Asker: 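Before we start, here is the structure in question, set down as structure tokens.
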Amino acid sequence: MATTFKAVNGKPTVAIHKFSSCDGCQLAFLNLGEPLLQLAELVELVHFPEAGPVAEEAQVDIAFVEGSISTQAEYARIRRVRENSRYLITIGACATSGGLQALRNHRDSADWLAGVYARPEYLDSLATATPIAEHVRVDLELWGCPINGQQVIAAVRSLLFGVTPVVNHDALCLDCKRNGNVCVMVTKGEPCMGPVTGTGCGALCPQMGRACYACYGPAENPNTASFSQRLQGLGLMPQQISDRFMFINNNAPGFTQAAKDVVGGGDD
Amino acid sequence: MSSGVGMTESRDVSIRVPVLARVEGEGALHIDVRQGRIEDLKFKIFEPPRLFEKFLEGRSVHELPDTVARICGICPVAYQMSAVHAIEQIFGCDPGSWVRRMRRLIYCGEWLESHALHVHLLALPDYFGCASVVELAKLQPEAARRGLRLQGIGNKLIRMLGGRSVHPVGVRIGGFYKAPDDAQVEVVLRDVRELIPQATDLVHWLAEINLAARAPAQSFTSVALRHADEYPLNEGRLVSDRGLDIAISEFDRHFVEHQVPHSTALHCLLHDEPYLVGPLARLNLNHDRLPASVLSQITGVPLALPSTNMFDSALARAVEMLFCLHEAESILCNYQRPDRPYVDYQVQPGVGYGCSEAPRGTLWHRYEVDADGRVLSARLVPPTSQNQARIEADLRTSLQDIGLDQADEVLRLHAETVVRNYDPCISCSTHFLDLRVRRD
């Protein structure tokens with residue numbers, strides 16, 4: 001359902017929509033500093049409530065979507081966003097894999113609501129928190145918890161040049177080696193998720209001397225089975241290994257399955 | 001939605017604004033006016049609950065700093081700070097003076113980032129009749145750019161200790177994963193020193209704009225942490241200007257959270273009454289703790305403290321930004337790299353409390369942990385849930401003050417300005433804002 005080019009003031013139009021999230025990925029725009037003012041010269045920000053402009057139903061060229069789908073209202077709204085957007089980009093772990101709050105998908109969330117709220121019947125809350133691609137077609141996924149400014153600027157620049165943005169989803173290890181970091185798994189026996197995690201953050205955790213906790217989601221073709229074995233070799237119990245997968249991107253298919261394989265005895 | 005000439009106070013009108021802009025998260029406002037009286041007024045929060053308290057259960061305390069950060073993209077450091085203090089209390093762990101100073105430093109970074117973001121990107125456009133900082137930058141280019149630079153230095157301070165400014169990865173129980181090296185410190189210190197005069201200019205510029213002239217003072221209770229000799233960030237007793245003075249572990253005996261049908265954030269009341277947390281409440285209760293370096297730069301600024309004029313909030317944020325830069329300067333110029341940036345600790349079962357001053361106010365945590373270091377239960381009381389009842393009380397007073405016979409558009413804009421002035425952090429509080437004024 002491609003819409004016609006809706007240039008305003010001769011500029012392509014952009015919307016930033018929020019669903020269930022912490023707002024941290026929108027900060028990739030709001031924390032740009034001076035480049036935020038330059039971005040506003042290149043594109044027309046028609047809907048970006050946190051920054052000011054509100055036009056939820058506007059037709060746009062590029063829609064950035066933050067957050068996962070966790071209520072009936074969100075379920076209906078994402079369909080309208082898709083219809084109104086030429087190119088839809090999910091930003092961050094919540095929109096791309098469901099995020100941390102997708103942990104409820106694996107448990108009885110009605111119990112959870114009752115655990116936090118005395119009157120759960122006041123709430124419009126689905127039993128699951130799900131990624132955008134489960135509901136509508138997504139044109140580009142930007143992984144990360146949070147994404148950073150370079151990711152959004154690179155995507156917008158490519159699109160402005162009429163080029164499909166390319167996202168590198170190699171394992172974090174490759175970047176870590178290029179940065180010359182000392183491997184925290186080899187030297188300190190840390191359960192670093194780098195071998196199965198996509199790059200994009202700049203290998204921040206190993207640079208801090210700590211294990212990566214996979215906030216950028218699964219790398220392309222992660223070999224989770226042998227990775228889990230390696231973690232076992234480091235002395236981690238199955239539950240601890242499962243917790244490593246069932247964290248920020250717990251609902252990413254590769255990670256959910258890897259966690260099941262570990263605690264389920266690993267029948268494949 | 002025009003309001004005709006000759007309308008009387010008894011007209012019945014309905015206003016709807018489906019999305020309130022320039023707040024963090026999703027909220028709504030619902031106001032019923034009937035025969036010139038506010039019949040019902042609700043600051044609605046329908047940000048979907050993400051149930052953090054529940055999925056923390058059973059997880060290792062070592063994951064806490066990375067997990068609770070995800071509650072809020074704007075104040076992740078605050079969540080990390082309240083959490084590590086609570087857990088260290090359970091473990092009987094004292095991370096020592098270096099860690100203590102670095103925690104103040106990273107927290108100053110977050111206050112700078114969050115306050116500069118709020119003042120310039122969220123609040124100020126209201127006072128200059130524009131919709132966004134992009135428009136503000138055309139009207140007030142210098143002021144807008146100064147704001148972005150102050151936000152930028154906050155982010156730099158967080159990055160220095162945390163690797164990135166949103167969901168930083170440097171904080172752990174017992175301290176930090178890595179100590180910055182001297183070269184990093186030198187660069188950041190130079191930037192901090194460059195920005196001190198700009199923060200001073202911001203204070204004086206905001207005082208000239210005189211936002212407080214927009215509304216009369218109101219009566220409310222201020223609540224904040226108070227420390228024996230410092231402006232409060234991570235530690236202190238919970239105090240109010242009406243006699244409250246308690247240890248953070250006594251929170252539950254005085255503060256009670258209620259669920260209301262129109263909000264996914266629980267309303268928190270102190271002795272059944274609304275109260276204020278955040279920059280103005282903090283400054284009201286702690287202005288005598290500002291260092292001389294800050295006080296000397298704000299002499300002559302017409303800010304009588306304590307102030308019960310909510311529109312002094314922007315000025316309070318600016319004073320706190322100036323404080324943060326001075327605090328950062330003093331920590332950075334005495335910086336010494338330690339042998340190890342954290343201390344060891346022994347995992348122990350127990351109950352612990354953490355309470356720190358998030359940019360938007362007091363952030364209280366309570367955790368119960370088992371002998372294996374797994375979280376048994378978690379309770380988090382964020383600033384916005386505490387301010388909700390105060391925001392509703394303020395709206396009632398403010399709308400009546402400007403007169404309910406005002407045009408719908410005037411009422412709507414004023415109501416939005418009042419709400420934004422609190423810098424509500426809605427994602428944080430739940431667990432969106434559409435304004436509905438129904439007059440029937």
Side-chain angles (χ1 to χ4, degrees), chain A residues 18-28 30-34 36-37 40 45 48-54 56 67 70-71 73-74 99-101 103-104 107 109 111-113 115-119 122-125 129 145-146 148 201-202 204-205 207-210 213 215 240 243 247-248, chain B residues 17-26 46-55 59-60 63 66-67 70-74 76 113 117 121-122 125 130-135 137 144-145 148-149 151-152 155 163-167 169-170 172 177-178 259-262 264 266 427-428 431-432:
Chain A
K18 174 194 155 65
F19 291 82
S20 296
S21 66
C22 77
D23 280 43
C25 288
Q26 296 181 57
L27 284 175
L30 295 173
N31 270 338
L32 282 172
E34 192 80 14
L36 174 64
L37 304 179
L45 292 166
F48 188 1
E50 189 160 347
V54 177
E56 198 173 276
S70 77
T71 67
E74 289 185 334
L100 194 48
Q101 62 267 21
L103 281 170
R104 73 162 83 158
R107 308 238 196 120
S109 67
D111 261 12
W112 281 17
L113 283 170
V116 178
Y117 296 94
R119 303 291 300 267
Y122 292 162
L123 305 169
D124 162 26
S125 192
C145 182
N148 57 53
C201 66
L204 288 177
C205 287
Q207 221 157 287
M208 284 275 173
R210 64 173 294 197
Y213 58 89
C215 67
Q240 290 175 302
D243 279 356
F247 198 37
I248 310 286
Chain B
V17 183
V19 180
L20 178 68
R22 283 185 281 115
V23 295
E24 191 284 339
E26 302 178 294
F46 49 91
E47 178 85 25
R50 288 181 290 144
L51 307 173
F52 271 82
E53 291 94 333
K54 291 312 282 183
F55 60 69
R59 309 278 313 197
S60 161
E63 296 174 332
D66 299 322
T67 310
R70 266 71 188 182
I71 293 172
C72 181
I74 300 184
E113 169 261 333
L117 171 76
L121 278 73
L122 311 186
C130 40
S132 71
V133 71
V134 175
E135 287 179 27
R145 284 181 167 81
L148 293 173
R149 285 194 290 268
Q151 187 187 355
N155 285 325
R164 62 183 171 201
S165 65
V166 181
H167 308 332
V169 300
R172 50 171 288 167
Y177 284 99
K178 190 183 180 189
Q259 189 185 3
V260 292
H262 61 277
T264 48
L266 304 172
S427 295
C428 220
H431 295 259
F432 208 118

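Lettering follows sequence order; numbering is per chain, from 1. For clarity, every value in this text was computed on a predicted model and none was experimentally measured.
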Asker: Please confirm whether the backbone N or O of B:Val169 pairs with a side-chain atom of A:Arg210, one donor and one acceptor, at under 3.5 Å?
Answerer: yes

Asker: In terms of heavy-atom proximity below 4.5 Å to chain B, should A:Leu100 be classed as side chain, backbone, both, or neither?
Answerer: both

Asker: Quick check on B:Glu63 against chain A: is it the side chain, the backbone, both or neither that has a heavy atom closer than 4.5 Å?
Answerer: both

Asker: Nearest 0.5 angstrom please: B:Glu113 CD to A:Asn31 CG, how far?
Answerer: 5.5 Å

Asker: Between A:Leu37, A:Leu45, A:Leu32, which shows the greatest number of heavy-atom pairs under 4.5 Å with chain B?
Answerer: A:Leu37

Asker: Measuring from B:Gln151:CD to A:Leu27:CG, what's the distance to the nearest 0.5 Å?
Answerer: 8.0 Å

Asker: How far apart are the closest heavy atoms of A:Met208 and B:Gly170, and which atoms are they?
Answerer: SD-CA, 4.2 Å

Asker: Write down the atom of B:Ser132, the atom of A:Ala51, and the distance for their closest heavy-atom approach.
Answerer: CB-O, 3.3 Å

Asker: If you apply the rule side-chain contact (heavy atoms from CB on, under 4.5 Å), what do you find for B:Arg70 with A:Cys145, and how did you get there?
Answerer: CA-CA 8 Å; B:Arg70 266 71 188 182; A:Cys145 182; 2.9 Å; yes

Asker: Let me know if B:Leu121 has heavy atoms under 4.5 Å from chain A in its side chain, its backbone, both or neither.
Answerer: both

Asker: Pick one of side chain, backbone, both or neither for B:Leu122, based on which atoms fall under 4.5 Å of a heavy atom in chain A.
Answerer: side chain

Asker: For the candidates B:Leu117, B:Asn155, B:Asp66, which exhibits the highest count of non-hydrogen atom pairs separated by less than 4.5 Å from chain A?
Answerer: B:Asp66

Asker: Side chain, backbone, both or neither: which part of A:Gln207 has a non-hydrogen atom closer than 4.5 Å to chain B?
Answerer: backbone

Asker: Give the member of A:Ala129, A:Ala28, A:Cys201, A:Cys215 that has the highest number of heavy-atom pairs under 4.5 Å with chain B.
Answerer: A:Cys215

Asker: Is any side-chain heavy atom of A:Glu50 less than 4.5 Å from a side-chain heavy atom of B:Ile74?
Answerer: yes

Asker: What part of B:Ser165 gets closer than 4.5 Å to chain A, counting heavy atoms only: side chain, backbone, both or neither?
Answerer: side chain

Asker: Write down the atom of A:Phe247, the atom of B:Arg59, and the distance for their closest heavy-atom approach.
Answerer: CD1-NH2, 3.3 Å

Asker: Roughly how far, to the nearest 0.5 Å, is SG of A:Cys205 from CZ of B:Arg164?
Answerer: 6.5 Å

